[in-house]
Structures are given as C-alpha cells and as structure tokens.
Amino acid sequence: MFKHILLPVDGSSTSLTAVEKARGLAQAFGSAVTLIYVIDPYAFSGVGADFAYGQAQYLGAATTEGKLALAGATERLESAGITVASSIVESHAIYRGILETANSVGADLIVMGSHGRRGLEKLVLGSVAAQVLAHAHLPILIVRD
C-alpha cells in the first residue's frame, strides 16, 4: 500500500514513537523510508556584529543534533531490515522542508510526531504537524506520545 514513507525526526520522545510506528508500517508493506531532520537556517535572530558568529554556532549545533537524531532512527529501522535514506534538510519553514522533501523523494505517506501543544504554547510555538496537515496532498499519520 505504501511504497515510500517520509519520516521527519527531531530526536524527541514523540519522534521516537513515530519511528516505531513507521517501522511497523514499513515492515508490513515492504516500504522504503526516508528520514529527514529539518533545520530552519533563519530561526536564529541575532543582531549586530555577533550575528554571523551566532548564526554559525546555531547551524553547527543544529546539524550536530540532526545527525544524532538521524543516526538513532536509522539504526532502529535498519535493524528491522528496512531500506533507509537520511538527510538534513534546510528550509525557511520546517513544514515546507517536510513537504518539499516528500514531493522530491516521491513519498506516499508521511509519519511524524506531534507534541500536542495547546493553548498559549501552541499559539507561541506553533505546530509543525498542523502546518503539514494543512498543506499536504498525501496521507499523513500523526503520532503522539
């Protein structure tokens, strides 16, 4: 049914739950999985002369975090015999990076975690999952802890 699953990860416990759900689906359907970690290079909002240094530090830390998240998820999937590709993606908005990658790799399902934010926290921090749901043109499985 699903030949190619896109699995955005962020290293959180909710993301790990999504990895387990995607693993089960990939095993059941013989799906390949593409793992991504999306970095918003514009998220850093430094000012003045320190901006360039701060931006470089932010991107370095985000890349390191992304590599760790991808490595852990890759290990879980490959240990189950699933074909996995992974990459760090830069995009102005996280949800856009997810959707653009889904399109470019030909994914027919997105499996991702949601932190289940509500109220003021959702208003302030937003919801990547909600944005993906609002703009996607393919099936999405949203997983919560």
Side-chain angles (χ1 to χ4, degrees), residues 1-46 51 53-145:
M1 182 170 193
F2 298 111
K3 294 179 181 176
H4 196 146
I5 299 171
L6 179 68
L7 178 56
V9 296
D10 64 8
S12 67
S13 63
T14 303
S15 178
L16 293 176
T17 302
V19 169
E20 293 306 314
K21 294 294 183 187
R23 184 170 85 168
L25 288 168
Q27 286 178 307
F29 295 116
S31 311
V33 175
T34 296
L35 287 164
I36 62 170
Y37 183 94
V38 183
I39 297 171
D40 180 351
Y42 305 104
F44 182 82
S45 57
F51 177 72
Y53 177 77
Q55 178 77 5
Q57 294 298 99
Y58 161 74
L59 289 174
T63 299
T64 298
E65 185 177 305
K67 287 178 181 178
L68 288 171
L70 290 171
T74 297
E75 183 179 320
R76 288 174 184 240
L77 295 170
E78 286 181 341
S79 70
I82 297 165
T83 301
V84 180
S86 67
S87 65
I88 294 177
V89 175
E90 285 190 15
S91 180
H92 177 61
I94 304 296
Y95 83 91
R96 284 191 188 127
I98 293 168
L99 295 174
E100 288 167 2
T101 303
N103 186 51
S104 71
V105 302
D108 51 7
L109 174 67
I110 298 172
V111 176
M112 64 185 294
S114 173
H115 297 287
R117 294 184 181 109
R118 295 172 192 239
L120 185 59
E121 184 179 45
K122 182 176 180 180
L123 180 65
V124 172
L125 298 175
S127 170
V128 172
Q131 290 294 317
V132 170
L133 281 169
H135 295 93
H137 299 288
L138 70 157
I140 302 166
L141 173 61
I142 303 293
V143 179
R144 288 186 54 191
D145 262 342

message = Please enumerate all residues that pass salt bridge (charged side-chain N to carboxylate O under 4.0 Å, His left out) together with E20, with sequence neighbours excluded.
response = R23, R76
inquiry  = Rounded at 0.5 Å granularity, tell me how far CG in L109 sits from CG in L7.
reply    = 9.5 Å
message = So which atom in G113 and which in A129 form the shortest heavy-atom distance, rounded to 0.1 Å?
response = O-CB, 4.3 Å
Rounded distance (nearest 0.5 Å) linking atom NZ of K67 with atom CG of L70 = 10.0 Å
task = Would you please name every residue forming a side chain to side chain donor-acceptor pair (under 3.5 Å) with Q131, sequence neighbours left out?
result = none
request  = Taking all heavy atoms of Y37 and all of A69, pick out the closest pair and write down the distance.
outcome  = CD1-CB, 4.0 Å
query = side chain to side chain contact (heavy atoms under 4.5 Å, CB included) between I142 and M112: does it pass, once the steps are laid out?
reply = CA-CA 5 Å; I142 303 293; M112 64 185 294; 3.6 Å; yes
query = Just how far is it from atom CG of L6 to atom CD1 of I36, taken to the nearest 0.5 Å?
reply = 4.5 Å
key: From CG (D40) to CG (L59), nearest 0.5 Å   = 9.5 Å
Determine all donor-acceptor pairs shorter than 3.5 Å in which one atom belongs to a side chain in residues 82-103; sequence neighbours excluded.
| from | atom 1 | to | atom 2 | distance (Å) |
| --- | --- | --- | --- | --- |
| S91 | OG | A93 | O | 3.0 |
| S91 | OG | G97 | N | 3.1 |
| T101 | OG1 | G97 | O | 2.7 |

ask   = Which pairs pass ring pair (Phe, Tyr, Trp, His ring centres under 6.0 Å) with one or both residues in residues 69-91, sequence neighbours excluded?
value = none
message = Looking at every non-hydrogen atom in both residues, tell me the closest pair between F29 and F2 and how far apart they are.
response = CB-O, 3.6 Å
key: All side chain to side chain donor-acceptor pair (under 3.5 Å) counterparts of T14, not counting sequence neighbours   = D145
request  = Identify the two heavy atoms, one from K3 and one from D108, that lie closest to each other, and give their separation to 0.1 Å.
outcome  = N-OD2, 2.9 Å
ask   = Who are the side chain to side chain contact (heavy atoms under 4.5 Å, CB included) partners of A73, not counting sequence neighbours?
value = V9, V19, L35
